Amino acid sequence: MANIPLTRCQFLLPFVGILDETGAPTSSLLTKFRLPSSLVDKSDLYVPLMPAIRFMETARRSQGIEEFGFLASQRLHFSHMREKTRALIAHSPTLLVALRHACTWAPREDTILSMWIEHDDDHARICTRLAGTNGLLHMEHLQWIQNIFSIHIVRQFAGPDWMPATIAFEARYTPRPATQSLWPNVRFLSGQHAAWIDVPISYLSLANHRKDVSPTPQAHEDGPSGYDIVELLKLMLPSYLDDGIPALAEVAEMAGVSTRSFQRKLAHVGLSYSDLLDTVRYENASKLLRDSNSKIIDIAFSSGYSDPAHFSRAFRRISGVTPRQFREQSRSG
């Protein structure tokens, strides 16, 4: 079966915006590469990736635009990611969980996009690569966008001004001095095995303090949406952690929907009831580890775990560190 790599129209819009502002013949350039001449109302639809790359480079050369990919990447924000991906990240208890979700759903942004996490001493690398593009020229345009979205994900946890120590490109490309000056204290690398940014390992356990999600109302369904249910359960379930957590059917009844409808609403935002329980237990435990002197075994019990060893494994799966390491990091920082 033939494979046609696709990318979301969303990622072409910044390039189109720059061209429009310079008075370039944007429509004819798009048409030349068999791309839709009107993209504004098609942001969540897809177009062929390879013609899109040729469009970007031809437009850059013909209009004499330096650092086209970088300029386009500066017009993209966290809100430009797919709604479901944004929701999963916004409801992730830690940066590590958010990055795992992003890795899973990366192919829905570009169909040949792979995303993964590598560990390197005291840092982790958030890597991205477009399959089958090795050796293609002018890939820096898209690799800027890949790295910028990784940066936006980290900023949901580390703050809006956070910058990585390193920004790396798979392309043989080095940003111009004027571009580098906008990223003080950032090292740029080229010719890498993937595009990547680095984050300190300790950041992987950072809690999520932002909720930049704008859910689409589900007018065809009665009762609260999946987004509403997630927020309500995160408020309610901590009361039950040390005294019998309600079963899925009981929670569905509390929400006024059938069990099947409840599961469907959660699935719409990419979560299951067990995912929610893990998040609520983790958030309860991490708060106690930071703000109290309670013994770890007592924190395990008060977070709904009957086995401290199970608690430690579950906590590490979400944060990347053990409860004891988390407590030490939170107090040394």
Side-chain angles (χ1 to χ4, degrees), residues 78 86-102 117 122 124 153-162 199-213 224 226-248 250-251 254-255 266 269-333:
F78 179 71
R86 295 199 318 270
L88 285 168
I89 290 170
H91 293 303
S92 295
T94 64
L95 174 58
L96 178 59
V97 174
L99 289 172
R100 286 173 178 161
H101 284 311
I117 305 168
D122 60 346
I153 293 171
V154 178
R155 284 176 173 173
Q156 298 298 301
F157 296 79
D161 298 323
W162 177 84
V199 298
I201 289 287
S202 59
Y203 277 39
L204 297 179
S205 60
L206 285 176
N208 196 341
H209 298 297
R210 304 186 66 181
K211 305 294 179 187
D212 294 348
V213 182
Y227 300 97
D228 296 329
I229 287 175
V230 168
E231 292 307 315
L232 290 170
L233 289 181
K234 289 175 78 172
L235 290 172
M236 182 190 77
L237 287 174
S239 301
Y240 293 88
L241 289 179
D242 60 351
D243 191 30
I245 298 172
L248 186 149
E250 294 175 297
V251 174
M254 293 176 190
L266 289 181
V269 295
L271 296 172
S272 67
Y273 185 49
S274 63
D275 292 330
L276 268 178
L277 285 178
D278 286 343
T279 296
V280 170
R281 284 168 164 163
Y282 171 80
E283 290 179 348
N284 183 78
S286 60
K287 184 177 187 301
L288 290 173
L289 288 166
R290 278 194 308 269
D291 303 337
S292 79
N293 293 317
S294 299
K295 294 180 180 179
I296 290 178
I297 188 171
D298 292 333
I299 292 175
F301 294 146
S302 65
S303 299
Y305 293 95
S306 57
D307 178 2
H310 182 202
F311 164 61
S312 184
R313 288 194 298 271
F315 192 94
R316 184 165 190 166
R317 185 176 66 251
I318 291 175
S319 68
V321 293
T322 66
R324 191 176 304 281
Q325 289 170 328
F326 178 87
R327 172 171 271 176
E328 292 171 355
Q329 288 179 2
S330 63
R331 294 185 176 182
S332 64

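Counting from 1, the numbers follow the sequence of the chain as shown. These values consider heavy atoms only, across backbone and side chains, with no hydrogens, waters or symmetry-generated copies. Since the structure is predicted, the reported quantities are computational estimates derived from the model, not experimental observations.
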* To do: Dump the intermediate steps for side-chain contact (heavy atoms from CB on, under 4.5 Å) on Phe157 and Ile89, then the final yes or no.
  => CA-CA 10 Å; Phe157 296 79; Ile89 290 170; 4.2 Å; yes
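- In this structure, Tyr203 and Trp162 have tilted ring planes: the angle between them lies in the 30° to 60° band.
- Crowding of Arg324 atom CZ: a count of heavy atoms from other residues, nucleotides or ligands under 6.0 Å not exceeding 12.
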* To do: Report the C-alpha separation of Arg290 and Arg331 in whole Å, then their side-chain angles, then the decisive distance to 0.1 Å, and conclude whether the side-chain contact (heavy atoms from CB on, under 4.5 Å) test is met.
  => CA-CA 7 Å; Arg290 278 194 308 269; Arg331 294 185 176 182; over 6 Å; no
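- For the residue pair Val199 and Val154, the shortest heavy atom distance occurs at CG1-CG2, 3.8 Å.
- A heavy-atom distance below 4.5 Å is not found between the side chains of Ser303 and Phe315.
- Using a distance-only test at 3.5 Å, with no hydrogens or angles considered, no donor-acceptor pair links the side chain of Glu283 to the main chain of Val280.
- Leu266 approaches Leu276 most closely through the heavy-atom pair CD2-CD1, 3.9 Å.
- If you take CD1 on Ile201 and CD on Gln325, they are separated by 11.0 Å, rounding to the nearest 0.5 Å.
- When each of Val321, Leu289, Thr322 is tested with Arg327 by the rule side-chain contact (heavy atoms from CB on, under 4.5 Å), just one qualifies, namely Leu289.
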* To do: Let me see the working for Ile153 and Leu95 under side-chain contact (heavy atoms from CB on, under 4.5 Å), right down to the final yes or no.
  => CA-CA 8 Å; Ile153 293 171; Leu95 174 58; 4.2 Å; yes
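- Contact of the Val97 side chain with the Leu88 side chain is not registered, since no non-hydrogen atoms from C-beta on lie closer than 4.5 Å.
- The minimum heavy-atom distance between Phe311 and Ala285, with the atom names listed, is CE1-CB, 3.6 Å.
- We find the NE2-OG1 distance between His91 and Thr279 to be 9.5 Å, quoted to the nearest 0.5 Å.
- Within a 6.0 Å radius of OH in Tyr240, no more than 12 heavy atoms belonging to other residues, nucleotides or ligands are found.
- Inter-residue side-chain proximity for Thr94 and Leu204 is flagged as unmet; no heavy-atom pair is nearer than 4.5 Å.
- Of the inter-residue distances, the one linking Leu271 atom CG with Leu277 atom CG reads 11.5 Å to the nearest 0.5 angstrom.
- The two residues Leu237 and Pro246 have their closest heavy-atom pair at CD2-CD, 4.0 Å.
- Here Tyr305 contributes atom OH and Asn284 contributes atom CG; the two are 10.0 Å apart, rounded to the nearest 0.5 Å.
- The structure places CG of Leu99 at 8.5 Å from OG of Ser92, a figure rounded to the nearest 0.5 Å.
- Of the inter-residue distances, the one linking Arg86 atom CZ with His101 atom NE2 reads 15.0 Å to the nearest 0.5 angstrom.
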* Apply side-chain contact (heavy atoms from CB on, under 4.5 Å) to Leu288 and Ser302, showing your working. => CA-CA 9 Å; Leu288 290 173; Ser302 65; 3.4 Å; yes
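- Residues Ile117 and Ala124 come closest through the heavy atom pair CG2-CB, 4.1 Å.
- A distance-only check finds no donor-acceptor pair linking the side chain of Ser312 to the backbone of Ala309 [under 3.5 Å].
- With a 6.0 Å cutoff to the six-membered ring centre and a 45° limit on the axis angle, Arg155 does not count as a cation-pi contact of Phe78.
- Between Tyr273 and Ile245, the closest heavy-atom pair is OH-CG2, 3.9 Å.
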